[in-house]
2 protein chains.
Amino acid sequence: MSTAARREREKEKRRNDIIDVAERLFFSRGYDNVTMEDIARETELARGTLYLYFKNKDDIYIAIAIRGLKILNGLFREGYMKGNTGIEKIKLMLLAVYDFYRKYPGYYTTIGNMQSRGFNKEDYPEMEEVESIHGDSFRMVLDAFNMGIKKGTVRSDVDPAKAAFILTASMQSVLNTSPADELVEYAVDMMLRSIEDTK
Amino acid sequence: MSTAARREREKEKRRNDIIDVAERLFFSRGYDNVTMEDIARETELARGTLYLYFKNKDDIYIAIAIRGLKILNGLFREGYMKGNTGIEKIKLMLLAVYDFYRKYPGYYTTIGNMQSRGFNKEDYPEMEEVESIHGDSFRMVLDAFNMGIKKGTVRSDVDPAKAAFILTASMQSVLNTSPADELVEYAVDMMLRSIEDTK
DNA sequence: TCATTAAATGACAATTCGTCATTAATATAA
DNA sequence: TTATATTAATGACGAATTGTCATTTAATGA
């Protein structure tokens, strides 16, 4: 009776195996220097088979980015939980991005590339999930701002949504420049300084 | 006697014509949706001829980005000149980026794409020029910081190099999100607030 | 006028993509 | 167990596109 269920599991497993192989290859050689043939060879499948699991090469790339986004989102959540005050939560979440960047550089660049490619939901329905995860992360930053303002650790004249948006975008771009630790710390301090309530 | 010189001019002219056509196509359809054949057709040249003027498709793309960088650099210079104090120069240069983004969205995204592709100087010698223009722009921001610190419009505990770097990177990434005017203004204010001397 | 140099051409091989008719494997029913 | 139906996998194929190079065309100047 559970045949169908097992089939489903196996399919999921195979899908994941493909992503495993693909991400290893993409991370080491870059998107353009990996062919579907390469992925097929390493997974010991025929090229055509890959297309039973993914629409095309981009589709695999998005799947990898989603894995990364989930990890990043988890780190965000940790930061959010650990921080006691609003401003502290914000700081820890900014540092979480840095942590992610260092621990998972492959995922980091994959996410960046995916964003700049601008896939649309019509062609790639998984982009819904991307948006959803992103929204979840953003909501945490927003919450931290609101809490900070209410409790007086964040300046009351700060617009939570705008500031949350700007801070996360800025953090991202600083990391895109492959900066030294020192610069990142400095950037975090600068950002916090611009929102901190110092009265 | 000036035959060689004229030849040189004509060659330069043709090169520019190719860039003209290519940028029109790239801007309207995006890099991946433009073929060398398309560019050849519109320039009324054979495909092979394009390769006499450019190493390959990426090479054309870089040439377009360089055009954009020169324009942006000019806007930077304007802002630098117009501003009376250090902080004012900084503000005007940040707004110059925004101005560039609005007036030349095609160049803006081309530059962004080029950066994320990470071309190296060995394969693409023109990347030297890219670096040089970039360095020139950066130097102006840096100068403005130094002046601001000396004259007291910028906080004295700000590290000019780091802050200059972070500010420009942040501005760029905010724009990458296709923001509303309102958000950009807010971002500029936030950034300035973090470096302003308010004593 | 004619030989030399420079510019342009387009046919070619190579790469890689995504499809699809066919084959193989697995599950279900008799 | 055997036959049938369903699901999964295959790889040959056509299409698109890239960059090259031997050949042709045009321009120069002796």
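Residue numbers begin at 1 in each chain, while the letters A, B, ... track the order of the sequences. Computed from heavy atoms alone, side chains included, the values below leave out hydrogens, waters and symmetry copies. Please read these numbers as outputs of a predicted model, since none were measured by experiment.
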Next item on the list: Measure the distance from CZ on B:R15 to C1' on C:dA8 and round it to the nearest whole Å.
Entry: 18 Å

Notebook entry, point to check: Do A:N56 and A:Y124 meet the criterion of a side-chain donor-acceptor pair at a distance under 3.5 Å?
Noted result: yes

Notebook entry, point to check: Looking only at side-chain N and O atoms, does A:Y53 come under 4.0 Å of OP1 or OP2 in D:dA9?
Noted result: yes

Next item on the list: Working to the nearest 0.5 Å, report the span between OH of A:Y108 and CD1 of A:I71.
Entry: 14.5 Å

Next item on the list: In whole angstrom, give the distance that lies between atom CD of A:E10 and atom P of C:dT26.
Entry: 9 Å

Note to self: Tell me the interatomic distance from B:K57, atom NZ, to D:dA16, atom C1', rounded to whole angstroms.
What the structure shows: 11 Å

Next item on the list: On DNA chain D, check which nucleotide each of B:E37 and B:R6 is closest to and give me the residue with the more 5' one.
Entry: B:E37

Item checked: Spacing of A:E44 atom CD relative to D:dG11 atom C1', expressed in whole Å -> 17 Å

Margin query: Using the side-chain heavy atoms of A:L52, tell me which of these nucleotides is nearest: D:dG19, D:dT10, C:dG10.
Written below: D:dT10

Margin query: Nearest to the side chain of A:K11, heavy atoms from C-beta on, is which of C:dT9, D:dA8, D:dT10?
Written below: D:dA8

Item checked: Distance-only polar pair, side chains of B:S173 and B:N176, donor-acceptor under 3.5 Å -> no

Item checked: Nucleotide of D:dT10, C:dG18, D:dT18 approaching B:M36 most closely (side-chain heavy atoms) -> D:dT18

Next item on the list: Ignoring backbone atoms, establish whether B:R47 has a side-chain N or O less than 4.0 Å from OP1 or OP2 of D:dT20.
Entry: no

Next item on the list: Tell me what A:R7 touches on the nucleic acid: a base, only sugar-phosphate, or nothing, going by heavy atoms under 4.0 Å.
Entry: sugar-phosphate

Note to self: Pairing check on C:dA27: which nucleotide meets the Watson-Crick or G-U wobble criteria with it, both distances under 3.5 Å?
What the structure shows: D:dT4

Next item on the list: Could you check if a side-chain atom of A:V188 sits within less than 4.5 angstrom of a side-chain atom of A:M171, using non-hydrogen atoms only?
Entry: yes

Notebook entry, point to check: If we only count heavy atoms from C-beta on, is the A:Y101 to A:V184 side-chain gap below 4.5 Å?
Noted result: no

Next item on the list: Describe the nucleic acid contact of A:F54 in one word from base, sugar-phosphate, nothing, applying a heavy-atom distance below 4.0 Å.
Entry: nothing

Notebook entry, point to check: D:dG19 phosphate, OP1 or OP2: any side-chain N/O from B:K55 under 4.0 angstrom?
Noted result: no

Margin query: What contact category does B:T35 fall into here, base, sugar-phosphate, or nothing, at under 4.0 angstrom with non-hydrogen atoms?
Written below: sugar-phosphate

Item checked: Nearest-nucleotide pick for A:Y51, side chain only, options being D:dT10, C:dA8, C:dT19 -> C:dT19

Item checked: Rounded distance in Å - CG (B:N56) to P (C:dT15) -> 17 Å

Check: What is the distance, rounded to the nearest whole Å, between atom CG of A:D32 and atom P of C:dT16?
Finding: 11 Å

